[in-house]
Amino acid sequence: MHDFDVVVIGAGAAGMMCALRAGQRGRRVLLLEHGDAPGRKILISGGGRCNFTNLGCVPERFLSRNPHFARSALARYTQHDFIGLVRKHRIAFHEKTLGQLFCDGSAREIVAMLLAECLAAGVDLRLDHRVADIAHGTGFTVTTQRGAFAAPSLVLATGGLSIPKMGATGVALDVARRFGLAVVEPRPALVPLTFGGEALALMRPLAGVALDSIARCGRAAFREAMLFTHRGLSGPAILQASSYWQAGEPVTLDLLPERDGAALLLEGKRARPKAQPQTVLADLLPARLAQSLAALHLPARVIGEIGDKDLLRLAALLKAWRLLPDGTEGYAKAEVMAGGVDTAALDQRTMMAKAVPGLFVIGEAVDVTGWLGGYNFQWAWSSGWAAGESA
Ligand code: FDA
């Protein structure tokens, strides 16, 4: 006779959703968390307002070795289901941009909502429980520094490796490997890109400058703001592209989205021949960036004396600036981990390991990574719900 029907390890977004759903089904659920509070990443998300889902959530906005894997869970517990839960708890929210939904008040309301649902479903939440060992026999026995707990179902919901100072661990990946599940090599995603050499020499003095752009990496393209930093580039467009970036590949930037750079520069030359080129450029770009690019790519003359060829070369650069990152800012700054437990090892309906009945993996620990904008929480809710339905 087991003490519990389900042990969930990790009281984050996915773990709480899974626990509350399994509890609603009448399962006796133990939710173990090694930190001193549940949902800590929820609390810091979205600048403290939690971008909890996205109205435009579709499977195509997730990266995975198997791009079809997420379909089933995302279809069975959708963004509209989560919005319904948020409404039921009378949490005020708004759409910020691109379908991104944020709390009007605080991310604390989302954590309080999940805790209230867990409580109502009879979930036994225990904080400050560090998992020391997991044994597998007729069921699973999880040993912590405060005792051992047994159940026929075990759910790994310990998240990814990003922000290690908040208690992120690779425990789900370690346990998965121990049970013979394949792991897709994890890497930081939604992360600022770093540069060296001439590129960094240009970028560093521009730290803090932001502009609308299209960032392209491979076949992916994102139109959003980008930001220069002391180490390279950040901002939503770059974070999005970073998830698709592989070492050694370039990132290409369009600094004039939907604008014809060549026509604009030639028209500027015709209309104001006595102007400095950076003055004309500053009509198109932030002034500091205009100044740096003009100094680097144009002769020090009034624009009327600069040949069309030079202007057209600069215009081409502004539309397709090809840059080679030398790395990323790593897990310390990454919003998520890409890679994780290989979806080939899991049943897409239930999130249960095909080869280890009773073992489930959900949330960021799985090789499913969403775009920036509420997609990663939606994956946590959907995968958590799927496991909670059958654990
Ligand atoms: P999560 O990390 O939420 O939970 C894992 C839990 O397991 C944690 O409570 C952890 O302490 C616990 N744990 C780890 N190891 C353990 C162990 N050995 N024993 C017991 N417990 C253990 N996404 C989004 O959609 N919208 C947003 O606005 C943001 N904003 C954002 C900001 C920042 C700064 C970051 C770092 C991330 C985001 N994200 C986001 C991403 C989002 O936070 C993330 O994808 C989800 O929290 C993943 O949910 P999980 O439940 O899988 O992991």
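Just so you know, ligand 1 is whichever comes first in the structure, and atom 1 is the first atom listed for that ligand. One-based numbering along the sequence shown.
- Separation of atoms CZ (Arg76) and CH2 (Trp385) is listed at 10.0 Å; rounding is to 0.5 Å.
- At a heavy-atom cutoff of 4.0 Å, ligand 1 is contacted by the side chain of Arg40 but not by its backbone.
- Contact between Gly374 and ligand 1 is present, with at least one heavy atom of the residue lying under 4.0 Å from the ligand.
- Hydrophobic cluster membership is shared by Leu298 and Ile303, with clusters built from Ile, Leu, Val, Met, Phe, Trp and Tyr side chains linked at under 4.5 angstrom.
- Here the straight-line distance linking atom CE of Met16 with atom CG of Leu114 works out to 4.5 Å at 0.5 Å rounding.
- To the nearest 0.5 angstrom, Leu311 atom CG is 12.5 Å from Glu267 atom CD.
- Distance from atom 22 (C) of ligand 1 to its nearest protein heavy atom, with residue and atom name: His34 CD2, 3.3 Å.
- Note on Val155 and Leu115: same hydrophobic cluster, where clusters join Ile, Leu, Val, Met, Phe, Trp and Tyr whose side-chain heavy atoms are under 4.5 Å apart, directly or indirectly.
- Residue Val336 has at least one heavy-atom neighbour below 4.0 Å for each of these atoms of ligand 1: 41 (C), 45 (O).
- For atom 34 (C) of ligand 1, the closest heavy atom belonging to the protein is Ile44 CD1, 3.5 Å.
- Where the criterion is an N or O separation shorter than 3.5 Å, residue side chain and backbone included, Met166 fails it with respect to ligand 1.
- At a heavy-atom cutoff of 4.0 Å, ligand 1 is contacted by the backbone of Ala157 but not by its side chain.
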What verdict does the salt bridge (Lys or Arg N to Asp or Glu O under 4.0 Å) test give for Glu185 and Arg65, after you've listed the backbone C-alpha separation in whole Å, the side-chain angles of each residue and the deciding distance to 0.1 Å? CA-CA 11 Å; Glu185 191 57 26; Arg65 188 175 275 180; over 6 Å; no
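- Remark: minimum distance from atom 36 (C) of ligand 1 to any protein heavy atom is reached at Ile163 CG1, 3.3 Å.
- Atoms of ligand 1 found under 4.0 Å from any heavy atom of Ala13 (numbered from 1 in listed order, with element): 3 (O), 49 (O), 51 (O).
- Counting heavy atoms of neighbouring residues, nucleotides and ligands inside a 6.0 Å radius, atom NZ of Lys96 does not exceed 12 of them.
- Side-chain heavy atoms closer than 4.5 Å link hydrophobic residues (I, L, V, M, F, W, Y) into clusters, and following such links, possibly through other members, connects Val123 to Leu30.
- Using a 4.0 Å cut-off between heavy atoms, Ile42 makes no contact with ligand 1 at all.
- Checked by distance only, ligand 1 and Glu33 come closer than 3.5 Å through their nitrogen or oxygen atoms.
- Of the N or O atoms in Val171, none lie within a sub-3.5 Å distance of an N or O in ligand 1.
- Under the 4.5 Å side-chain heavy-atom criterion for Ile, Leu, Val, Met, Phe, Trp and Tyr, Val336 and Ile42 are members of distinct hydrophobic clusters.
- At a heavy-atom cutoff of 4.0 Å, ligand 1 is contacted by the backbone of Ala11 but not by its side chain.
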Applying salt bridge (Lys or Arg N to Asp or Glu O under 4.0 Å) to Arg25 and Glu389, what does each step give before you reach the verdict? CA-CA 8 Å; Arg25 290 175 44 241; Glu389 286 266 87; 5.0 Å; no
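- Contact annotation: for Asn51 versus ligand 1, heavy atoms closer than 4.0 Å belong to both the backbone and the side chain.
- In terms of protein heavy atoms, atom 4 (O) of ligand 1 is closest to Gly12 CA, 3.2 Å.
- At most 12 heavy atoms of other shown residues, nucleotides or ligands fall within 6.0 angstrom of atom CZ in Arg87.
- Rounded to the nearest 0.5 angstrom, Leu74 CG and Gln348 CD are separated by 10.5 Å.
- For ligand 1, the polar-atom distance check finds an N/O of Gly46 within less than 3.5 Å of one of the ligand's N/O atoms.
- At least one heavy atom of Glu335 sits under 4.0 Å from some atom of ligand 1.
- Considering only non-hydrogen protein atoms, atom 7 (O) of ligand 1 sits nearest to Gly10 CA, 3.2 Å.
- Looking at atom 48 (C) of ligand 1, its nearest protein heavy atom turns out to be Glu364 OE1, 3.4 Å.
- Between Lys354 and Leu346, the closest side-chain pair of non-hydrogen atoms is not below 4.5 Å.
- When only interatomic distances are considered, the shortest N/O to N/O separation between Ser162 and ligand 1 does not fall below 3.5 Å.
- Relative to atom 15 (N) of ligand 1, the option among Ile362, Leu32, Asn54, Thr169 with the closest non-hydrogen atom is Thr169.
- Of the protein's heavy atoms, Ala14 N, 2.8 Å lies nearest to atom 51 (O) of ligand 1.
- Remark: ligand 1 atoms within the under-4.0 Å shell around heavy atoms of Gly363 are 52 (O).
- In this structure Phe82 satisfies the ring-ring contact (aromatic ring centres under 6.0 Å, His included) test together with Phe52, Trp381, sequence neighbours excluded.
- Protein heavy atom at the shortest distance from atom 53 (O) of ligand 1 is Gly159 CA, 3.3 Å.
- Within the 4.0 Å heavy-atom criterion, both parts of Asn376, backbone and side chain, lie near ligand 1.
- In this comparison of Phe377, Tyr375, Trp379, Trp381, the heavy atom closest to atom 24 (C) of ligand 1 sits on Phe377.
- Both the backbone and the side chain of Thr158 come within 4.0 Å of ligand 1, counting heavy atoms alone.
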Asp3 and Arg28: CA distance, side-chain angles, deciding distance, salt bridge (Lys or Arg N to Asp or Glu O under 4.0 Å) verdict: CA-CA 8 Å; Asp3 314 320; Arg28 295 169 302 158; over 6 Å; no
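- Linking Ile, Leu, Val, Met, Phe, Trp and Tyr residues whenever their side-chain heavy atoms come within less than 4.5 Å leaves Ile44 and Phe377 in two separate clusters.
- Below 4.0 Å from some heavy atom of Ile9 lie the following atoms of ligand 1, by number and element: 19 (N), 20 (C).
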